[in-house]
Amino acid sequence: MTNDAKNGMAASAMTGRAGAPRDIAEMVEFLASDRARQITAQTFAVNGGEWPSR
């Protein structure tokens, strides 16, 4: 993928930046913590607001 394509994808995300492995790691850390003890049977999209075109 070219840098222009990567920059275009990042710019189209609601966050205005490309995702990073840390974004996923922070969600996993939260879900594994006691703070998420009441969360069950949910799907979380960690995608910066970017959804695939249909």
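Side chains included, hydrogens not; waters and symmetry mates left out as well; all remaining heavy atoms used. One is the number of the first residue; the rest follow in order along the sequence.
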Output side-chain donor-acceptor pairs under 3.5 Å for residues 37-44, partner residues at least two apart or in another chain, one line each.
residue	atom	partner	partner atom	Å
R37	NH1	D34	O	3.0
R37	NH1	D34	OD2	3.1
Q42	NE2	T40	O	3.1

Indicate yes or no: at least one non-hydrogen side-chain atom of N3 is less than 4.5 angstrom from one of K6.
yes
What distance do R22 atom CZ and E29 atom CD have between them, rounded to the nearest 0.5 Å?
9.0 Å
Given the rule in the side chain to side chain contact (heavy atoms under 4.5 Å, CB included) test, do D23 and R17 qualify, once you have shown the distances and angles that lead to the verdict?
CA-CA 11 Å; D23 298 320; R17 67 176 183 81; 3.0 Å; yes
Please report the closest heavy-atom contact between M1 and A5, naming both atoms and the distance.
CG-CB, 3.6 Å
Tell me whether E26 at atom CD has more than 12 heavy atoms from other residues, nucleotides or ligands lying less than 6.0 Å away.
yes
